[in-house]
Amino acid sequence: MSHSIGPSDPLKTPTKPIESLDSMVVRFAGDSGDGMQLAGDRLAGTSALFGNDISTFPDFPAEIRAPKGTLAGVSGFQVHFAARDIHTPGDEVDILVAMNPAALVQNLSFLRPHGTLIVDEDMFDAKNLKLARIEKDPLEERAMDAFNLIRVPLTSLTRDAVAESGVGRKIATRCRNFFALGLVYWLCGRDPKTTLEWIDRKFGDRPDVAKADTLALRAGWNFGETTEAFERSYRVPPADLPPGEYRNITGNQALALGLITASRLSDKSIFYGSYPITPASDILHELARHKRFKVRTFQAEDEIAAITSAIGAAYGGAMGVTASSGPGIALKTEAMGLAIMLELPLLILSIQRGGPSTGLPTKPEQSDLLQVMFGRSGESPLPVLAAGGPTDCFDIVIEAWRIATRLMTPVVVLSDAFIANGAEPWRIPDIARIPPIDIAHPEAPSADDAPFLPYSRNEWLARPWALPGTPGLAHRVGSLEKHHGTGNVSYDPDNHEKMVGLRARKVANAVHLIKDQEVFGPDRGRLLILSWGGTLGVCRQAVEVIGKKGKAVAHTHLRHLHPLPANLGDILGNYERVLVPEMNSGQLAMILKARYLVDIISLNRVRGRPFMVRELVDAIEESLA
Amino acid sequence: MSHSIGPSDPLKTPTKPIESLDSMVVRFAGDSGDGMQLAGDRLAGTSALFGNDISTFPDFPAEIRAPKGTLAGVSGFQVHFAARDIHTPGDEVDILVAMNPAALVQNLSFLRPHGTLIVDEDMFDAKNLKLARIEKDPLEERAMDAFNLIRVPLTSLTRDAVAESGVGRKIATRCRNFFALGLVYWLCGRDPKTTLEWIDRKFGDRPDVAKADTLALRAGWNFGETTEAFERSYRVPPADLPPGEYRNITGNQALALGLITASRLSDKSIFYGSYPITPASDILHELARHKRFKVRTFQAEDEIAAITSAIGAAYGGAMGVTASSGPGIALKTEAMGLAIMLELPLLILSIQRGGPSTGLPTKPEQSDLLQVMFGRSGESPLPVLAAGGPTDCFDIVIEAWRIATRLMTPVVVLSDAFIANGAEPWRIPDIARIPPIDIAHPEAPSADDAPFLPYSRNEWLARPWALPGTPGLAHRVGSLEKHHGTGNVSYDPDNHEKMVGLRARKVANAVHLIKDQEVFGPDRGRLLILSWGGTLGVCRQAVEVIGKKGKAVAHTHLRHLHPLPANLGDILGNYERVLVPEMNSGQLAMILKARYLVDIISLNRVRGRPFMVRELVDAIEESLA
Amino acid sequence: MTTSAPTKTHACTSRSTAAPAVKPSATDFASDQEIRWCPGCGDFSILAQMKKVLPEIGVRPENMVFVSGIGCSSRFPYYLNTYGVHGIHGRAPAIATGLKTVRPELQVWVITGDGDALSIGGNHLMHALRRNVDIKILLFNNRIYGLTKGQYSPTSLPGHITRSTPQGSVDAPLHPLSIALGSEASFVARSVDTHTAHLGGILRRAAAHRGSAFVEIYQNCNIYNDGAFEYAKNQSTRNDCLVEVEHGQPLLFGAKRDRGIRLDGLRLETVAITDDSKSEDLLVHDERAPDPILAMMLARMRYPAMPEAIGVLRAVERPVFDELVNEQVDAELRHDGAGDLEALFRAGDTWTIE
Amino acid sequence: MTTSAPTKTHACTSRSTAAPAVKPSATDFASDQEIRWCPGCGDFSILAQMKKVLPEIGVRPENMVFVSGIGCSSRFPYYLNTYGVHGIHGRAPAIATGLKTVRPELQVWVITGDGDALSIGGNHLMHALRRNVDIKILLFNNRIYGLTKGQYSPTSLPGHITRSTPQGSVDAPLHPLSIALGSEASFVARSVDTHTAHLGGILRRAAAHRGSAFVEIYQNCNIYNDGAFEYAKNQSTRNDCLVEVEHGQPLLFGAKRDRGIRLDGLRLETVAITDDSKSEDLLVHDERAPDPILAMMLARMRYPAMPEAIGVLRAVERPVFDELVNEQVDAELRHDGAGDLEALFRAGDTWTIE
Ligand SMILES: Cc1ncc(C[n+]2csc(CCOP(=O)(O)OP(=O)(O)O)c2C)c(N)n1
Ligand SMILES: Cc1ncc(C[n+]2csc(CCOP(=O)(O)OP(=O)(O)O)c2C)c(N)n1
Ligand code: SF4
Ligand code: SF4
Ligand SMILES: [Mg+2]
Ligand SMILES: [Mg+2]
């Protein structure tokens, strides 16, 4: 479905005063079963369609559905939409919707002073307070004075509103999220039209449900318009985004689409070997739906089979891809060594989450950088790239495949739970303008050709990718050290040293395939902020905030972690201080210090949560002081 | 059997002139089936008994027994014995015994100019030359003039000599190694007595074989005395070693004995979970023999079961130990994360070999340092120690267990194929003088005790090691992030950050358990050599050589790689240059640069072989220039 | 730590598992943790049965350890007030093997799921069973990956449409009991989450078995695979779809126990019992058959072609790994006495420098 | 690379495996690599048979891939002039699964050892077999770890004294064929390294099978476990210790074929055939029996109590994983046509900013 930004068709035109804002942050919070992810997703989609820039952050528990009403069961979804270019889901929430006491307890700290707090007052009964482990009704607390508290008997209003649809009480109650969404739509001046259409599409086979959801949404909107609790509503005008066709996309979707695109560009079909793990599983789910693109997905018995099957597929000439998260990546490291020894192209996607061990399975962290850089036996370098955000996932995976096939090497692409599940508008690329990925396989030799050397090297130091089935090129590859040229097993000391060197130099050659590092802001001066991975947005936003305060600070974002861009050392030398914010204990900082012998100011947070712009602004101001 | 160094009881007294030397290096080289390891081992043992300092280096192929006579099948054993303190098996060989052409081809480069080359000329026939892939008989080459070539019809002489024993032709031929050994004994003035006794003990049940070996050994000795090819023999007087009782020990033996000693000192019985892999398997073999020390060895189905069974045993209160080499360590990294999360004491021994992947399974390398430092998901620090040589294996594993139990943490101990198989004299320690390792388990609480907190912490930040079976302390541990104190599952951001910090600070506390780093040589100046692991000996020797040349260079050897000793930074600051030789591409150098922001001169060799003293001397001289 | 029992050669001091003075009750076994399964999940009924059965086993809570992997099912240990280890995915049998080997006096249970036990952990399961380690393994089979939100598992039926198989799974499933029997398991049983009495009986039998006990429990995941075992759970169908096997008893099933199972060569077939005399032809269950053939035949009966067997399919005695390991240690100690470090250090040649 | 055959949806262009114009000979299959096994190793005879059989299979050398793990046995691929991957320990079935899935027109063999396949690699073996991936798995069973110099393996007999078990192994062994059958293998066979004709026949049968073929080959490791299968190899005993099973034939053995095997309830027993008429009682082999029960009984016959079965114990047809995977892809392509990137990008809501 394609839309154009045009005149809106609101439910009714609101009659109360309208305040125009530059951006808004809305957070829905409720029980895992309350449909908060859906409500958030719809608000994000509607805002994007309206022309805002958006950024989202789903925040859900590791349990499937912890007991209703408990703190463990709270699920949240935050949407940031703005009239300008934004890069983060927002530090502080302007409107918090709390569907029960547990949700309030878990989320109140995000609400800014004087922010709007909408609660379902039907849920603030003794039972639910107890489940949330609070003694007194928090709505009665003094602390509430700091907020614009709106008590709505959401459950009962919803039930009443949907009565005519004829659905049972259970389903009627489940429509609460649409009531809340309708209310938020009114408050933010969002047009419910596309959501109503979506409901019809989605529940086409259950007209009673569709009806109930529609009624709930409308009732919520009307409630905003009618109740005296709201004095005004808000508007965030469209942003000034570059022209083009847009859609919303999460990081994992973008990885899947990027893989399919890379497959097309290189005329290689995908073999995706993977074992389910949060937050990487959605890539499997997405790819499994695209068999028309000759994608073969293989849910292996474990992570080791996932990567080794992909290596087998790569040997056979396919685009071998595997993905996992921390604990699963740990299981793949032995086989990554095999891929390095066999010198086959392979993509390994690492969607980081909180560690160590099973850790915080649904929370983002950047603490697997050192694992993918160094977590293998022997001298086993490989290129490492990291996506800066959801849309970058698309580009980076194409770039990774380009490098993998050019150099005949496995390549790691890093993402994290925040990027994977977060969404932002993606300008749909013109694929005709993406250069193809050329791959050549050696052909059957003629009688007078020299003998085939599977470990001979081209100008990139890559070896030939000879495919089984080609007459005259039969050869054996293996995990023991191999003789340069012939590829036969070799224990010769000189040969080993030579091969270690060749493999390292080959990977280092990737530097010629990547762009020089660019800097946003002054090209020399007091302070450089250096980010990698999912902290891109928040760092850029912080630098912009600082800029507005009249201080010029530079920002550079690393997408290539190994090899590092050729000019990075020079860039670092141009600033008095370098600040590296990371969602770990300083992993990139260590690499930079070792490589460039420059001091680094590390800003480390290991909280299973993205940085706040505010934290960064504070750190920058401190560094400038 | 205990011996005292006393008057020798030689076969006969040699009549030719005797030259006294400071040290000698002998290398036996032959087919895998030729018994070269045995010959080398006997020479080493005899020399040690005589009072020399010794160092050995077995150098064998990855194949069990490659086809006889081929280059792939060559097996070597090098023995260095000296009248002074030595630290390496020697760069250059004084006497090379080559049992066939392939052995000659593979080993000639080790022989010093004018060195003695003893060959079995019976084996230099067309068939064996072809197997060794050489066209002309090398013994006829001009190049041989550089050496003192002694052609001995070893096979036929041996067969004749053993005839009276009555053994068949096949066994008779197999006695060649004893003939060669006898000849070397004569040449080096070694007393064959203990070897003759050893033969009797070893082959007690096969008197004909014992007889044949005895005859061959004697014949070899007599041949030296009789033949005109030798004008003189040599003597290396006893070394001036510290007083005490000594034995020879390899690194793997020393690890096994160290583990058993640590078990005694801490009153914990060993559970050794392991999966065979070269060069770690011998630890399993050794430990399996010592059930009287309550050692339980478990040959698991794979490396993952090996470590997780050891974790289970540790939870039960045993001394959990696991060991492997590169590819197997890679498989353990996920479970290492679990041990870190559970905060249980555990020893992980990593006996490094050439990588990546299956690589060079029998060759030493130091290329798994970064794997054990960083090869895990999440922020997962643990202490890392590295043995400096065979005898240090004993001490370091005791120290590792001390740290593991004091801090409730898994600890990695690094060794390598060179240390594991190499032997040196070990001064048998007085165990009464090794401080005990005190371990306290919480007792059953009384009624009015506060509730048990499995993740509470003592002054070392260690949590209590409460054992199943203790009433009142039942608790659950697990791989998800846990609440500090209660140990319950917690997804709280502040708690996570706190726990990441606690785990890191706890491991950092090991710095208070280790000694300050010491320096050999000047405490400030031009150049510091910094070594770790198996390069200790060769670095010390090189520094001594340089010292004799009148240049004072300092040497420090790191046994603690994480945390680094508190005073290391100061030490590094005291020298203009720091040279770090490593059998990898600069792994420790990277860590030091990142930590201290000091420049490091790396001397890297990745040849699956120990450094030569000469290489180091050259590098030092270059650094001084 | 004070010790009340002799410790033989065990890894550490510990208490005996002999029946305690005061018998613990079900509440002694409940932990203080909030249960985090979806309301309606079959795991609740299994937990309830477990809490009921444990006090009857005669082992004190502190002498029990529950070890698990990762999955919804693997949260089980948190909810019992015994010792427990929530491990990593698939490795519980290996963790339990190490624990049981050094602490043979503890009772060790393994809780696992169809993914945890048969996908990533298949190898450890196989080896624990062949070794006959004295651990009790309960596999909660819901034919789905619950915790990771609904991908197919090794026990999912062909054609199953899940998040990872939008066109239906093409993998032929594993039969947990066939794998267990192929791995030489000495005790193999099956039950159903909501058949509380039956399940309780099986848990008791498993606890009493010497060696590895393997129990498959049909478990409903009402979120991602609701109704997978409806035929076996539903009051109106279960008697026709299940046959309860009991040692020494003929195989009878049906609400009126009017149908039986008969051996025809090497095949099983169902027969209607019209008058009582007919039941003589029926196959009589022998859980102690030395070969796993009968158990294999019973295990492989599949709804809808045949009723599925629940109960103890196999229960034989064979040497127990942890006992053998400890016996080797004890035997050496008895024979040669405790090891002497001084002598150990001096094995082989030594020499003295004065 | 030029292409001569249609490629359907396969991962990359490739040639058909149809019979070639010029039939290759045994020497076409020999590589130039020096063979590095110990002289006298059973691996040599298996290699020799393989070189003899391959030219008869009708697949050109370049259309074959030999995949292996780590172990003495796993060096096999180096010695054949086909394509080959010497992988990492235990993972060959997984490597082969990926390869076969993207290149179904290749013939893929897996060479593995008892440690490689049943210890570290047990899980991958189990899953390849249950999926019925069209690969031919040859397990060289020497009941020892050869390459790592003689530790016991999962098939070593109890009490086996090895470098890691100086007091004898306490682990009950796995039976490779029981594991294979428990994993639903569609083709299961056994042979002996030095029974050249028999082995050749089995290799041909394995090559011809559609789906996973699993073959256990008794292999002598003359260095670390010499004589482990002496009873089965020795001319004077082998006829009494082995029974060659053949589809549709009664089970007869003994040098004079004067003994047979009979079914007694669910047990097998040997009987002497005194006159010819008696052989009517004998069990007749049925490799196509839909249930693996008969195969299981035969597989579990153990010397010295019973003669051990060699031959094809089970060979049934069932859906093949790689075919199904590719069929799903083909079906979507047939039904909906090749995927359109532009449309894919625009799935869901889009909007345009001008
Ligand atoms: C190494 C690793 N890989 C993958 C995962 C993700 N994971 C957690 S549980 C699970 C499967 C759960 O299925 P099952 O064992 O059937 O348990 P259930 O949730 O159905 O009870 C997976 C794939 C993980 N935690 N660790
Ligand atoms: C991950 C890993 N663990 C351990 C090893 C060491 N290893 C190599 S082969 C082998 C076992 C070989 O036994 P088997 O499979 O029976 O083969 P065989 O040598 O007997 O033919 C082992 C343990 C390894 N190479 N990689
Ligand atoms: S997802 Fe399924 S198995 Fe997991 S707790 Fe919910 S209902 Fe139970
Ligand atoms: S060790 Fe055994 S299996 Fe390995 S090559 Fe030698 S004889 Fe063969
Ligand atoms: Mg499940
Ligand atoms: Mg073997």
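Just so we're on the same page: letters track the sequence lines, and every chain starts at 1.
For chain B, no part of I329(A) is nearby; none of its heavy atoms comes within less than 4.5 Å. Using a 4.5 Å cut-off between heavy atoms, E334(B) contacts chain A through both its backbone and its side chain. With a 4.5 angstrom heavy-atom cutoff, V598(B) touches chain A only via backbone atoms. Proximity to chain A (any heavy atom under 4.5 Å) is shown, for D599(B), by both the backbone and the side chain. For L342(B), no part lies near chain A; criterion is any non-hydrogen pair under 4.5 Å. Contact of Q587(B) with chain A is made through the side chain alone, with heavy-atom distances under 4.5 Å. Neither the backbone nor the side chain of R353(B) comes within contact range of chain A, judged by heavy atoms closer than 4.5 Å. With a 4.5 Å cut-off on non-hydrogen atoms, S490(B) touches chain A through its backbone but not through its side chain. Contact annotation for L480(B): both backbone and side-chain heavy atoms come within less than 4.5 Å of a heavy atom of chain A. Residue contact with chain B, scored on non-hydrogen atoms closer than 4.5 Å, is absent for D492(A). Of the two parts of N495(A), neither the backbone nor the side chain holds a non-hydrogen atom closer than 4.5 Å to a non-hydrogen atom of chain B. Both the backbone and the side chain of M590(B) come within contact range of chain A, judged by heavy atoms closer than 4.5 Å. Proximity to chain B is absent for every atom of L592(A), based on heavy atoms less than 4.5 angstrom apart.
The two residues P383(B) and P410(B) come nearest to each other via the heavy atoms CD-O, 3.3 Å. When all heavy atoms of D416(A) and P364(A) are compared, the closest pair comes out as OD1-CB, 3.9 Å. Among all heavy-atom pairs drawn from A29(A) and N107(A), the shortest one is CB-ND2, 3.2 Å.
Ranked by heavy-atom pairs under 4.5 Å with chain B, the list L597(A), I600(A), I591(A), L338(A) is led by L597(A). Highest contact tally toward chain A, considering only A72(B), P356(B), G355(B), is held by P356(B) [criterion: heavy-atom pairs under 4.5 Å]. Interface summary for chain A: among P493(B), G354(B), P361(B), the most heavy-atom pairs under 4.5 angstrom belong to P493(B). Interface check for chain A: of the options G501(B), G608(B), S377(B), the most heavy-atom pairs under 4.5 Å are formed by S377(B). Ranked by heavy-atom pairs under 4.5 Å with chain B, the first of E481(A), E379(A), M341(A) is E379(A). Across K593(A), R376(A), R607(A), the residue that shares the most heavy-atom pairs under 4.5 angstrom with chain B is R607(A). In terms of heavy-atom pairs under 4.5 angstrom with chain B, the leader among A339(A), S380(A), A335(A), S357(A) is S357(A).
Side-chain N or O atoms of D368(A) include one that pairs as donor or acceptor with a backbone N or O of G378(B) at under 3.5 Å. Using modelled atom types, one side-chain atom of T362(B) and one backbone atom of F60(B) make a donor-acceptor pair closer than 3.5 Å. A donor-acceptor pair under 3.5 Å is absent between the side-chain atoms of S602(A) and the main chain of N604(A), judged by distance alone. Here the side chain of E343(B) pairs no donor or acceptor atom with the backbone of T409(B) at under 3.5 angstrom.
If you take OG on S350(A) and CG on L414(A), they are separated by 5.0 Å, rounding to the nearest 0.5 Å.
Counting only heavy atoms from C-beta outward, the side chains of H496(A) and E365(B) approach each other to under 4.5 Å. Counting heavy atoms from C-beta outward, R503(A) and I340(A) have side chains that approach closer than 4.5 Å.
Ring-plane geometry between F374(B) and F374(A) is classed as tilted, the angle between the planes lying from 30 to 60 degrees on a 0 to 90 degree scale.
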Could you go through the side-chain hydrogen bond (donor to acceptor under 3.5 Å, both in side chains) check for K332(A) and S324(A) one step at a time? CA-CA 9 Å; K332(A) 293 182 199 281; S324(A) 193; 5.0 Å; no
